[in-house]
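Labels below follow one simple rule: chain letters A, B, ... track the order of the sequence lines, proteins then strands, and each chain is numbered from 1.
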Protein chains: 2
Amino acid sequence: MVEIATIEGVGLMVRGASTEQAGASPRKDFPIAERPGYLLHKAGLVLVEDVEKALGSVGMRIRDFFVLAALAGGPELSQQDLSRLLNLDPTTVVTVIDEMERNGHVERRRNPADRRRYNLFLTASGREALATADRVATEVESAFFGGLSADERAALHTTLGVLMAGRWPAAVCSD
Amino acid sequence: MVEIATIEGVGLMVRGASTEQAGASPRKDFPIAERPGYLLHKAGLVLVEDVEKALGSVGMRIRDFFVLAALAGGPELSQQDLSRLLNLDPTTVVTVIDEMERNGHVERRRNPADRRRYNLFLTASGREALATADRVATEVESAFFGGLSADERAALHTTLGVLMAGRWPAAVCSD
DNA sequence: TATTGTTATACTCTATAACTATA
DNA sequence: TATAGTTATAGAGTATAACAATA
């Protein structure tokens with residue numbers, strides 16, 4: 001059995017457990033792990049795993065967090081708005097909001113100006129859940145980015161902003 | 001209808017299409033979009049989407065690319081090795097390798113030292129497919145990171161390396 | 001005629017359990 | 001007794017199509 005090495009120098013290597021089998025020492029490159037794209041992809045996955053795990057301890061999924069956060073802002077969103085903002089299928093939004101309405105976190109209120117739509121309203125309970133999720137997520141983020149200096153964090157934030165500029169869902173809010 | 005703004009200053013805002021409805025101008029914060037964690041998560045997703053789309057044009061999925069790349073290196077991996085390296089369920093590996101064997105990209109060869117295992121062998125056709133996928137992925141990466149200077153790219157790469165240090169699957173290669 | 005939300009349904013993906021052959 | 005691979009199956013997640021209400 002062989003342990004995988006941490007990323008160092010040129011990147012990730014799978015290398016032999018030299019302590020156990022001196023002669024064997026199978027070593028294997030996994031070159032795409034050196035790619036910035038693969039690293040970015042993997043870092044996003046690992047972070048989400050961390051957040052999912054932490055939110056699980058308070059009975060929440062990461063998507064619930066996103067939905068609560070989306071509904072916490074200014075004018076109330078419709079389900080279609082939410083669908084576009086979070087890149088969720090409209091039928092998925094039905095299920096998600098159904099559950100949140102059962103939880104008492106969200107209320108559907110008919111939009112008087114367009115009775116086909118609901119305005120999704122975050123209840124006090126929903127705001128509490130959001131505050132909890134926000135605290136949990138902040139803790140995970142702090143740990144995840146803990147190895148970086150303040151300057152490195154700021155630079156990362158700026159860089160990610162550049163990468164994502166203009167790459168958000170096009171239409172989000174109705175009216 | 002309202003368009004979403006690109007990330008600027010404090011972060012993402014959904015704001016009114018002021019050209020159409022002067023008075024309405026609904027404005028909505030989506031504060032978690034300012035989080036470095038959310039940006040990282042979203043950037044990873046968008047990049048993967050780009051790669052999936054580009055690889056689709058050559059009849060490949062991104063996971064095929066990862067598998068081909070993993071098998072291209074030194075000593076041949078078993079299905080369990082691949083499972084650990086790419087964080088795939090062993091039963092999923094069966095399906096993936098089945099398909100790749102039908103494609104002629106991979107061959108299962110019994111490991112003589114342990115006849116329970118296969119050594120997964122990448123054929124010439126598999127290497128061609130890998131070369132194609134590598135070229136496609138490189139083009140997408142170039143476009144995705146195109147807005148960054150060489151220094152910014154290097155800094156991002158370093159930072160991602162720090163974040164991922166020690167966060168890879170523990171055991172990967174057998175023997 | 002188009003859009004919002006809904007339901008039913010199918011499809012994909014993944015995970016679980018049981019089995020075999022090997023160790 | 002444990003492990004590698006396989007199969008069958010169940011479950012979650014998501015997407016598709018059709019529908020009712022409203023614009």
Visitor: Can you tell me the distance, in whole Å, between the OH atom of Y118(B) and the P atom of dA23(C)?
Guide: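 The distance from OH of Y118(B) to P of dA23(C) comes to 13 Å, rounded to the nearest Å.
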
Visitor: Starting at atom CD of Q79(B), determine the distance to atom P of dT22(C), rounded to an integer number of angstrom.
Guide: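 Those two atoms, CD and P, are 15 Å apart.
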
Visitor: Let me know the distance between CD of E52(B) and P of dT12(C), rounded to the nearest Å.
Guide: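 Rounding to the nearest Å, CD of E52(B) and P of dT12(C) are 15 Å apart.
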
Visitor: Grab the CG-P distance between L82(B) and dT3(D) for me, whole Å please.
Guide: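 For the pair L82(B) CG and dT3(D) P, the rounded distance is 20 Å.
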
Visitor: If you check every side-chain atom of T91(B), which of dT7(D), dT14(D), dT7(C) has the closest atom?
Guide: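 Comparing dT7(D), dT14(D), dT7(C) against the side chain of T91(B), the answer is dT7(D).
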
Visitor: Could you state the atom-to-atom distance from CG of D114(A) to C1' of dA2(C) in whole Å?
Guide: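 Checked: the CG to C1' distance equals 12 Å.
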
Visitor: May I ask you to verify if any side-chain N or O of R61(B) is less than 4.0 angstrom from the OP1 or OP2 atom of dC13(C)?
Guide: yes

Visitor: Starting from P on dC13(C), measure out to CG on D64(B) and report it in whole angstrom.
Guide: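 Taking atom P of dC13(C) as the reference, CG of D64(B) is at 11 Å.
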
Visitor: Side chain of D89(A) only, please: which of dT14(C), dT16(C), dT16(D) is the nearest?
Guide: dT16(D)

Visitor: Among dA21(D), dA15(D), dG5(D), which nucleotide sits nearest the side chain of R116(A)?
Guide: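 Nearest to the side-chain atoms of R116(A), counting from C-beta on, is dA21(D).
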
Visitor: Would R109(A) and F121(A) count as a cation-pi pair here, with the cationic atom under 6.0 angstrom from the ring centre and within 45° of the axis?
Guide: yes

Visitor: Counting only side-chain heavy atoms from C-beta out, which of dG5(D), dA2(C), dT7(D) sits nearest to R117(B)?
Guide: dG5(D)

Visitor: Rounded to the nearest angstrom, tell me the gap between atom CZ in R110(B) and atom P in dT22(C).
Guide: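 Going from R110(B) (CZ) to dT22(C) (P), I get 7 Å.
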
Visitor: Just how far is it from atom CG of L68(A) to atom CZ of R63(A), taken to the nearest 0.5 Å?
Guide: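 The distance works out to 12.0 Å.
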
Visitor: For R108(B) and dT6(D), is the shortest distance between a side-chain N/O and OP1 or OP2 below 4.0 Å?
Guide: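 R108(B) to dT6(D) OP1/OP2: side-chain N or O found under 4.0 Å.
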
Visitor: I want to verify a distance call: between dT14(D), dG5(D), dT7(C), whose nearest atom is closest to the D98(A) side chain?
Guide: dT7(C)

Visitor: Can you work out whether P90(A) or R63(B) has the more 5'-proximal nearest nucleotide on DNA chain C?
Guide: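 Here P90(A) is the residue nearer the 5' end.
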
Visitor: What is the distance from CG of L77(A) to P of dG5(C), rounded to the nearest Å?
Guide: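 After rounding, the gap between these two atoms is 11 Å.
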
Visitor: Quick one about R117(B) and Q79(B) (side-chain donor to acceptor, distance below 3.5 Å, no hydrogens or angles considered), yes or no?
Guide: no

Visitor: Distance only, no hydrogens: is a donor on one side chain within 3.5 Å (strictly under) of an acceptor on the other, for S125(A) and H105(A)?
Guide: yes

Visitor: Distance to the ring centre below 6.0 angstrom and angle to the axis at most 45 degrees; does that hold for R110(A) and Y118(A)?
Guide: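 Relative to the ring axis of Y118(A), which defines the angle, R110(A) lies inside both limits.
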
Visitor: From the list dT22(D), dG5(D), dG5(C), which nucleotide is the closest neighbour of the side chain of R115(A)?
Guide: dT22(D)

Visitor: Pick the nucleotide of DNA chain D nearest each of V94(B) and T95(A); which residue has the one closer to the 5' end?
Guide: V94(B)

